[in-house]
S.K.: 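Take this structure first; my questions come after.
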Amino acid sequence: MPANEGIAGWVIETGSPYLADNVRRDTRWSKRVAQELHYKTRDILAVPLQAGGETLGVIEVINKKNGQPFEQADLNILNALSSHIAMIIGNARLFLAAENKVHQLATLTELSAILNSSLDPKQVRTRAMQAAVKLLDCETGSLYLIDHDRGELYFEVALGDKGDVFKEIRLKLGEGIAGWVAQEGQSLLIPDCSRDPRWSSKADKKSKFQTRNMVTVPVKAKSKVIGVLQAINKRPPKLFDEEDLRLLEALADQVAIALENARLYEAQRLTFLQTAEALAAAIEKRDIYTGGHTKRVRDYCMATARYLKLTPGETEWLELAAILHDVGKIGVDDQVLRKPGKLTDEEFAQIRAHPTIGYEILNHIRTLQEVIPGMRHHHERPDGKGYPDGLADGKIPFLARIIAVADTYDAMTSDRPYRQGLSDEAAISELRKFSGVQFDETVVEAFLQAHAAGLILSQHRRSSSPGNESAS
Ligand SMILES: [Fe+2]
Ligand SMILES: [Fe+2]
């Protein structure tokens, strides 16, 4: 019933007690409520429930049992009871509010830890949205990032059953509520989006979602707005309040830290990778006959890795190890490296030293410790006849076994001034023939799968594309 209806409504409005017999003659009485209750109301005694100057409710008693009207003594008893009840309800509310706050802070701490446990930008973005939804108990959340070059905000919406298809939505800075928040750097609490002139239905139309209400806060890194975090549609019957706004702001600070960490890590990783590439390219320049070898070995390794159960971390190490696998050739004489004909035993020994030289060069770099075994052992063979250590089977580091297959396949299929490279078919049949002897069986299996999928493009396969037939 409305808070101003009937006797109870009057008590709430005035804050006064009510004592009357034959209430049916009182115009304030609500016949409707009595009818709904199927109760014959005669007399009513009602007092307000008040705590801390706030009216929490009304206690109403109806029809004294012995048929007598209520009297002053009854009112006194009810008043005393009411102040006790009000105190208990007030305490319970404070307790619930405190408990709720503790719970929210615990959730915030937990979510921050999850957010900051990843350095993958995509994962951080997904987790930020999930965290907003969990923390504010709402239907969905979005994280817009600012593209400063284009003066736009963008975000990805997951589509499809598995949520694995992504669609990008872009807004101009200043457009819509997110655009406003990005431009002004201020938070907004919107109880009803359709009534806010700043609201743009563009994102809703693209994502096929109906936005009713939202809390939107800026994500700032070093006081610069880098994005906008939104919590959308509080689960009914609740509505977003100031408390939600402050919570989301606290989460946005954590999101900013996680995004910055991921960005810095990515930048550092790229610098690292590019430095390694530059080093490999410098060495390759000396060996004019094997141009592009490092890049192809890296490509073959990455293609093969798709058919092996490697963790994302191992895949990253593999890539770096593939780039650096022949770094030790820097210590091999030019005449030996460039010699077109057959090598003498002594020259061959020099070539065979390149994994050890590479090891000596890289060994003191602490961040490369996971990369070194893949580089050092890329010429080992399962039958133990490889070098430099003659390791066999399972003793050979796994990344080295992958590089070995990619490396040999490229050596077989590349032309040299003194001999023509094998055809693609011939090289593949060599891999099959020596699988388990010269090459790791699991790796060969994965390599063949990648090859069948068209992911291994040897020099012959590349050049036999239409219009370039003569090269084969
Ligand atoms: Fe090598
Ligand atoms: Fe190589």
Side-chain angles (χ1 to χ4, degrees), residues 111-112 114-133 135-136 138 140-160 163-190 193 196-209 211 214-233 245 248-274 312 316:
L111 294 172
S112 307
I114 295 173
L115 262 178
N116 279 297
S117 66
S118 173
L119 286 167
D120 172 12
K122 199 160 194 151
Q123 207 166 39
V124 171
R125 297 203 294 267
T126 313
R127 286 178 182 181
M129 289 189 266
Q130 289 166 345
V133 168
L135 190 65
L136 266 60
C138 56
T140 188
S142 30
L143 174 68
Y144 289 85
L145 294 175
I146 297 184
D147 178 343
H148 285 285
D149 294 338
R150 291 171 61 174
E152 289 177 344
L153 282 178
Y154 64 95
F155 88 106
E156 288 164 337
V157 204
L159 300 170
D164 50 358
V165 183
F166 287 91
K167 191 161 140 184
E168 197 176 76
I169 290 176
R170 282 185 169 261
L171 287 175
K172 286 266 164 232
L173 271 185
E175 183 186 5
I177 287 167
W180 187 91
V181 168
Q183 200 163 48
E184 302 296 320
Q186 284 174 35
S187 306
L188 274 185
L189 168 62
I190 312 277
C193 291
D196 196 291
R198 287 167 294 208
W199 190 62
S200 152
S201 58
K202 192 166 149 188
D204 266 14
K205 277 181 195 140
K206 285 200 185 171
S207 60
K208 299 201 170 71
F209 187 83
T211 306
M214 59 163 76
V215 187
T216 309
V217 303
V219 178
K220 293 180 187 174
K222 295 186 195 97
S223 68
K224 186 180 172 195
V225 182
I226 58 166
V228 169
L229 187 60
Q230 239 170 16
I232 297 167
N233 293 357
L245 192 77
L248 198 61
E249 281 175 342
L251 180 65
D253 288 342
Q254 298 301 318
V255 171
I257 294 170
L259 285 174
E260 272 300 277
N261 281 345
R263 191 184 64 79
L264 290 172
Y265 176 77
E266 182 59 19
Q268 196 196 26
R269 198 184 71 89
L270 269 182
T271 310
F272 201 50
L273 214 57
Q274 286 163 351
E316 270 183 40

S.K.: Looking only at heavy atoms, what is the nearest atom pair of Val181 and Gln186, with distance?
M.R.: CG1-O, 3.2 Å
S.K.: Mind checking the CZ-SG spacing from Arg198 to Cys193? Nearest 0.5 Å is all I need.
M.R.: 10.5 Å
S.K.: Out of curiosity, Asp196 CG to Leu188 CG, how far, rounded to the nearest 0.5 Å?
M.R.: 7.0 Å
S.K.: Search all heavy atoms of Leu248 against all heavy atoms of Ala231 and return the closest pair with its distance.
M.R.: CD2-N, 3.9 Å
S.K.: State, to 0.1 Å, how close Val133 and Thr140 come at their nearest heavy-atom pair, and which atoms those are.
M.R.: CG2-C, 3.3 Å
S.K.: Atom CD in Gln130, atom CG in Leu111: separation rounded to 0.5 Å?
M.R.: 9.5 Å
S.K.: Enter the distance from Ile177:CD1 to Thr211:OG1 here, rounded to the nearest 0.5 Å.
M.R.: 8.5 Å
S.K.: Take Asn233 and Cys138, measure what side chain to side chain contact (heavy atoms under 4.5 Å, CB included) needs, and give me the verdict at the end.
M.R.: CA-CA 5 Å; Asn233 293 357; Cys138 56; 5.5 Å; no
S.K.: Kindly give the heavy-atom pair with the smallest separation between Tyr154 and Ile146, and that separation in Å.
M.R.: CE2-C, 4.3 Å
S.K.: Would you please test Arg269 and Glu266 for salt bridge (charged side-chain N to carboxylate O under 4.0 Å, His left out) and show each step?
M.R.: CA-CA 5 Å; Arg269 198 184 71 89; Glu266 182 59 19; 3.5 Å; yes
S.K.: Below 4.0 angstrom, N of the basic side chain to O of the carboxylate: do Lys220 and Asp253 qualify?
M.R.: no
S.K.: Go through it in stages, so that I can follow the logic: the residues are Glu184 and Val225, the test is side chain to side chain contact (heavy atoms under 4.5 Å, CB included), and I'd like the CA-CA distance, side-chain angles, deciding distance and then a yes or no.
M.R.: CA-CA 9 Å; Glu184 302 296 320; Val225 182; over 6 Å; no
S.K.: For Ala252 versus Pro218, what's the shortest heavy-atom pair and its separation?
M.R.: CB-O, 3.7 Å
S.K.: Just wondering, do Leu153 and Leu145 contact through their side chains at under 4.5 Å, heavy atoms?
M.R.: no
S.K.: Do you know which two heavy atoms are closest between Ala178 and Val228, and how far apart they sit?
M.R.: O-CG2, 3.6 Å
S.K.: Would you please test Gln230 and Phe155 for side chain to side chain contact (heavy atoms under 4.5 Å, CB included) and show each step?
M.R.: CA-CA 11 Å; Gln230 239 170 16; Phe155 88 106; over 6 Å; no
S.K.: Quick one: does Leu259's side chain get under 4.5 Å of Pro121's, heavy atoms only?
M.R.: no
S.K.: Can you tell me how far apart OH (Tyr144) and CG (Leu229) are? Round to the nearest 0.5 Å.
M.R.: 11.0 Å
S.K.: Any Lys/Arg nitrogen of Asp120 or Lys122 sitting under 4.0 Å from an Asp/Glu carboxylate oxygen of the other?
M.R.: no
S.K.: One pair to check against side chain to side chain contact (heavy atoms under 4.5 Å, CB included): Gln183 and Glu175. What are the steps and the verdict?
M.R.: CA-CA 9 Å; Gln183 200 163 48; Glu175 183 186 5; over 6 Å; no
S.K.: From Gln254 CD over to Arg127 CZ, what is the distance, rounded to the nearest 0.5 angstrom?
M.R.: 14.0 Å
